[in-house]
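One structure is given here, and the rest of the page talks about it.
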Protein chains: 2
Amino acid sequence: MDSEFAPLTLRALRRVLRATEIGSRQLAAATGLTPSQLLVLREIAAREAATPSAIANALQFSQATITTIVDRLQELGFVHRQRSDRDKRQFILTVESAGQMALAGAPDPVQTTFTARFVRLPQWEQAMILAAVERLAMLMDAQHIDAAPLLDSGLIDRSEPA
Amino acid sequence: MDSEFAPLTLRALRRVLRATEIGSRQLAAATGLTPSQLLVLREIAAREAATPSAIANALQFSQATITTIVDRLQELGFVHRQRSDRDKRQFILTVESAGQMALAGAPDPVQTTFTARFVRLPQWEQAMILAAVERLAMLMDAQHIDAAPLLDSGLIDRSEPA
DNA sequence: AACCAATCCTTCGGCTACCGAAGCATCTGG
DNA sequence: CCAGATGCTTCGGTAGCCGAAGGATTGGTT
């Protein structure tokens, strides 16, 4: 048997990736933001008291990169920079209302059509897809797995941490 | 019920995307190639008689972008440019042996660990994930759907083509 | 045959992404 | 109060990415 599901899954996954990547670039063009700017904006919006280093860490960008992107978001009036009181080395980043509107008013087209189609699937299939994607996320997310082995028995091998 | 599987799926999917994106950047650093160069190289390798415009179209890059990336791949000796006989405006791109080796010798770390973990899942789950991801690819790939409605009955809505 | 529009690719100019290294301010442990 | 660590920015550099313009080639028209 030794069925070869893995490469097929990877290939299909690449198609998904490509589609979303292209969509995010189109979205960027539509909003005037670049994909990276959008990514950073979303990441700031998603957390309380975001700091540049936290964003850099979450997105795996260097701090220098975050600085330039935040610079631009600030120029656009989407984000506010404010020194932290606790630690005056830090900046607290917050999303201004203009930024909120940009996020809300510019739905990702791929995401939109995806959702429109997805909700038409039978419930069981929706649930199945969700379960599968969450499983995928676990299988791929190396960061969190190092912190806490989420997977079931005997799944983790950890051959050479490099 | 009106269960909200869609946003959860999107959120999980974003985690997957992030993980692969980060992995591809790490891979790039490891091989000396950039993510885009790798993408283009893979795309050339994947097809017979690749032309710049075909690659540009598949990856949704401009021709100008492909030109510069192929320039660099050529400098590295990974890709060969040759005028087409049929149509002398075109170039035929082929992957040189050095490029083949680069592709083969530099496995994506995310992909590798993913596969290592994936194959340990029970067969039924592997099959389930594969089915789900293929379904996802269908749901997201706007390009092909316009050409041929792949989905089952009543799935397509096509509300405003924008 | 001569032309015109379309097509393929490149070149050019310009902005952004992204990084490492260096620099400045601040914090923390001793 | 000082030394080292930390958070962020600035600087210099490579690459991505694009639209517009340009050179060559093609196919269809008259």
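Computed from a predicted model, the values in this text were never measured in an experiment. The analysis underlying the following values was restricted to heavy atoms, covering all of them including side chains, and did not include hydrogens, waters or symmetry mates. Proteins get letters first, then strands, A, B, ... in listed order; numbering begins at 1 in each.
The distance between atom CZ of A/F61 and atom P of D/dA15, rounded to the nearest whole Å, is 18 Å. Spacing between atom CD1 of B/I22 and atom P of C/dC19 amounts to 11 Å, rounded to whole angstrom units. For the pair A/R72 CZ and C/dT16 C1', the computed distance is 6 Å after rounding to whole Å. The CG atom of B/L59 sits 9 Å away from the P atom of D/dC17 (whole-angstrom rounding). Atom CD in A/Q37 sits roughly 14 Å away from atom P in C/dC15 (whole-Å rounding). Distance A/I92 CD1 to D/dG7 P: 12 Å, rounded to the nearest Å. Atom-to-atom, CD1 of A/I44 to P of D/dC8 comes out at 12 Å; the value is rounded to the nearest Å. Per the geometry, CG belonging to B/L33 stands 14 Å off C1' belonging to D/dT14, to the nearest Å.
Sequence order on DNA chain C of the closest nucleotides to B/A54 and A/P35 puts B/A54 first from the 5' end. Along DNA chain D, the nucleotide nearest to A/R83 and the one nearest to A/R25 differ in position, and the one closer to the 5' end is contacted by A/R83.
Looking at B/L139 and A/L121, their side chains come closer than 4.5 Å, going by heavy atoms from C-beta outward. Using a 4.5 Å heavy-atom cutoff, the side chains of B/M140 and A/T20 are in contact. Using a 4.5 Å cut-off on side-chain heavy atoms (C-beta onward), B/I44 and B/F78 make no contact.
Using a 4.0 Å heavy-atom distance criterion, A/S53 is classed as a sugar-phosphate-only contact. The residue B/T65 sits close to a base: some heavy atom pair falls under 4.0 Å.
Residue A/T51 has no polar side-chain atom (N or O) positioned under 4.0 Å from OP1 or OP2 of D/dG7.
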List, with names and distances, any nitrogen or oxygen atoms from the protein found under 3.5 Å away from nitrogen or oxygen atoms belonging to nucleotides 9-11 of chain D.
| from | atom 1 | to | atom 2 | distance (Å) |
| --- | --- | --- | --- | --- |
| D/dT9 | OP1 | A/R81 | NH1 | 2.2 |
| D/dT9 | OP2 | A/T67 | OG1 | 2.7 |

Set out, line by line, the N/O atom pairs under 3.5 Å between protein and nucleotides 27-30 of chain C.
| from | atom 1 | to | atom 2 | distance (Å) |
| --- | --- | --- | --- | --- |
| C/dC27 | OP1 | A/K88 | N | 2.8 |

Query - A/V79 vs A/V40, side-chain contact (heavy atoms from CB on, under 4.5 Å): CA-CA, chis, key distance, verdict - result: CA-CA 10 Å; A/V79 156; A/V40 169; over 6 Å; no
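Between the side chain of A/R25 and the main chain of B/Q60, a donor-acceptor pair closer than 3.5 Å is present. Under the 3.5 Å distance criterion, the side-chain polar atoms of B/E125 are left unmatched by any main-chain donor or acceptor of B/P122. Panel note: side chain B/R15, backbone B/R11; no donor-acceptor pair is recorded below 3.5 Å. At least one donor-acceptor pair under 3.5 Å links the side chain of A/Q126 to the backbone N or O of A/F118.
Judged purely by distance below 3.5 Å, without hydrogens or angles, the side chains of A/S53 and A/T51 pair a donor atom with an acceptor atom.
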